[in-house]
Amino acid sequence: MACCKNLLLLSLFLCLAFSSLAYSNNNDNETEKGNGAPNLRSKSLVLVKIWCLLLVFVGTFAAGMSPYFLRWSEAFLILGTQFAGGVFLGTALMHFLKDSDESFQGLTEKEYPFAYMLACVGFLITMLADCVVSYVYGKQKSSTSDPEVQGKEEAHKGHDTHHIAAVGSFGDTILLVVALCFHSFFEGIAIGIAKTKLDAWKALWTVCLHKIIAAIAMSIALLRMIPSRPFISCMAYTFVFAVSSPVGVGVGIIIDATTQGATADWMFAISIGLACGVFIFVSVNHLLAKGYTAQNAISVDKPQYKFLAVVFGIGVISVAMIWD
């Protein structure tokens with residue numbers, strides 16, 4: 001228990017420490033060429049992204065396994081989810097959207113809101129993925145509540161009831177993990193396509209903040225779905241969720257390694273625009289609107305406390321953007 005908790009706290013400390021160091025140092029000369037353009041293939045930049053990849057995996061995996069050993073305060077999860085929502089919303093609108101719009105302005109003279117259009121596309125793609133998950137989940141629920149299935153369940157009571165419940169729980173967990181991994185993959189790409197070390201550390205801080213809280217909440221939900229608390233299953237689901245963002249980081253690094261010049265700028269502008277839409281959808285629909293549902297009545301589970309948590313999250317990004 002103590003080892004898992006110390007590992008989680010260490011990953012949080014490293015994430016915040018590296019991010020603070022990045023904010024205080026804007027002279028990212030190692031990633032720039034003589035003409036002032038960022039060198040996306042710089043060894044130091046790639047090394048930073050690899051560190052980000054490792055940190056986001058370790059932090060998420062430790063956080064995901066912690067509910068199996070520790071009892072987290074539901075008040076922390078409620079307010080932490082709202083705070084993460086504010087951070088995501090502020091990052092999307094003040095950082096990603098700004099960078100994408102500025103990149104398009106330098107790439108083309110055509111006056112068209114490319115960045116805003118791509119943000120809408122990213123939002124719709126994520127919404128479509130959620131619709132697909134909801135459709136599959138609803139279809140699964142309707143099949144288990146079909147009269148014929150219920151009749152068979154009654155006829156073979158004592159044999160099939162446990163099996164049907166197990167299938168339902170297994171399906172629910174798979175859909176939950178798939179939905180979270182889809183979002184996390186695109187969040188990882190935002191780290192992988194960062195143009196500078198400063199941008200990479202910023203993206204790491206934002207993504208880790210969300211993923212650590214999401215991993216804790218996901219594991220608590222999974223342990224509710226699986227009353228027997230199987231350690232192997234919990235570890236497997238957490239590993240899949242933890243590795244999704246590093247895979248996205250790897251894809252982003254590959255994009256930067258295989259493109260350069262104007263092509264790389266176009267890829268960056270398009271990718272960061274799409275990521276903006278993903279961040280807005282995750283923030284508004286998942287973190288702010290749904291949030292974390294507590295099993296028992298919690299004193300901080302009130303609109304005014306949630307509002308303050310969101311304001312604090314946006315405020316943190318607003319202050320951080322001073323050094324952007």
Side-chain angles (χ1 to χ4, degrees), residues 14-33 36-57 59-60 87-88 90-104 106-107 115 118-119 122 183-211 244-279 282 316-317 320-324:
L14 289 174
C15 177
L16 292 173
F18 282 134
S19 300
S20 301
L21 184 63
Y23 284 135
S24 63
N25 183 16
N26 288 321
N27 297 322
D28 200 11
N29 295 325
E30 295 182 5
T31 64
E32 296 190 355
K33 297 179 179 179
N39 181 11
L40 302 179
R41 299 174 186 175
S42 167
K43 289 184 179 179
S44 60
L45 177 60
V46 174
L47 182 62
V48 165
K49 293 178 180 179
I50 292 174
W51 271 110
C52 292
L53 183 153
L54 295 174
L55 286 172
V56 73
F57 173 78
T60 305
V87 170
F88 255 50
T91 300
L93 297 178
M94 287 185 276
H95 181 41
F96 287 176
L97 190 60
K98 178 184 73 70
D99 285 357
S100 181
D101 189 48
E102 289 177 351
S103 298
F104 277 115
L107 291 169
L118 286 170
H183 302 150
S184 299
F185 173 76
F186 282 97
E187 292 164 9
I189 290 180
I191 300 175
I193 62 173
K195 283 187 173 182
T196 65
K197 291 185 285 186
L198 173 64
D199 288 340
W201 290 125
K202 283 181 181 178
L204 171 70
W205 184 82
T206 305
V207 171
C208 272
L209 180 65
H210 161 247
K211 285 210 67 174
S244 57
S245 284
V247 170
V249 176
V251 171
I253 293 175
I254 292 172
I255 291 174
D256 281 353
T258 55
T259 60
Q260 195 76 330
T263 304
D265 291 338
W266 277 101
M267 291 294 294
F268 172 80
I270 293 171
S271 301
I272 209 71
L274 292 172
C276 174
V278 175
F279 271 47
V282 172
V316 168
I317 296 301
M321 290 302 294
I322 296 175
W323 294 278
D324 186 48

Restricting to non-hydrogen atoms, name the atom on K197 and the atom on S44 that form the minimum distance, rounded to 0.1 Å. CD-O, 3.9 Å
Relative to each other, are the rings of W266 and F104 parallel, tilted or perpendicular (30° and 60° limits)? perpendicular
Does the K202 side chain pair with the main chain of A194, one donor and one acceptor, at a distance under 3.5 Å? no
Could you tell me which residues satisfy side-chain contact (heavy atoms from CB on, under 4.5 Å) with I189, sequence neighbours excluded, listed by chain and number? F185, F186, I193, V251
Value rounded to 0.5 Å, distance of NZ in K98 from CD1 in I272: 10.5 Å
Here the pair of heavy atoms bringing A269 nearest to L107 is CB-CD1, 4.3 Å
pair L274-V278: side-chain heavy atoms closer than 4.5 Å: no
To the closest 0.5 Å, what do you measure between CZ (F88) and SG (C276)? 11.5 Å
Mind listing the closest non-hydrogen atom pair of I191 and L204 along with its distance? CD1-CA, 3.9 Å
So W201 and C52, do their side chains get closer than 4.5 Å, heavy atoms only? yes
I317 side chain near W205 side chain, heavy-atom distance below 4.5 Å: yes
For the side chain of S100 and the backbone of F96, is there at least one donor-acceptor N/O pair under 3.5 Å apart? no
Does a side-chain heavy-atom distance below 4.5 Å link P246 with V56? yes
Set out, in order, the CA-CA distance, both residues' side-chain angles and the distance that settles side chain to side chain contact (heavy atoms under 4.5 Å, CB included) for T60 and S245, then state yes or no. CA-CA 9 Å; T60 305; S245 284; over 6 Å; no
Mind checking what makes side-chain contact (heavy atoms from CB on, under 4.5 Å) contact with L47, not counting sequence neighbours? W51
My understanding is that only residues two or more places apart in sequence, or in another chain, count here; which of them pass side-chain contact (heavy atoms from CB on, under 4.5 Å) with L93? L89, L97, I280
Shortest non-hydrogen contact from A200 to K49? CB-CG, 4.5 Å
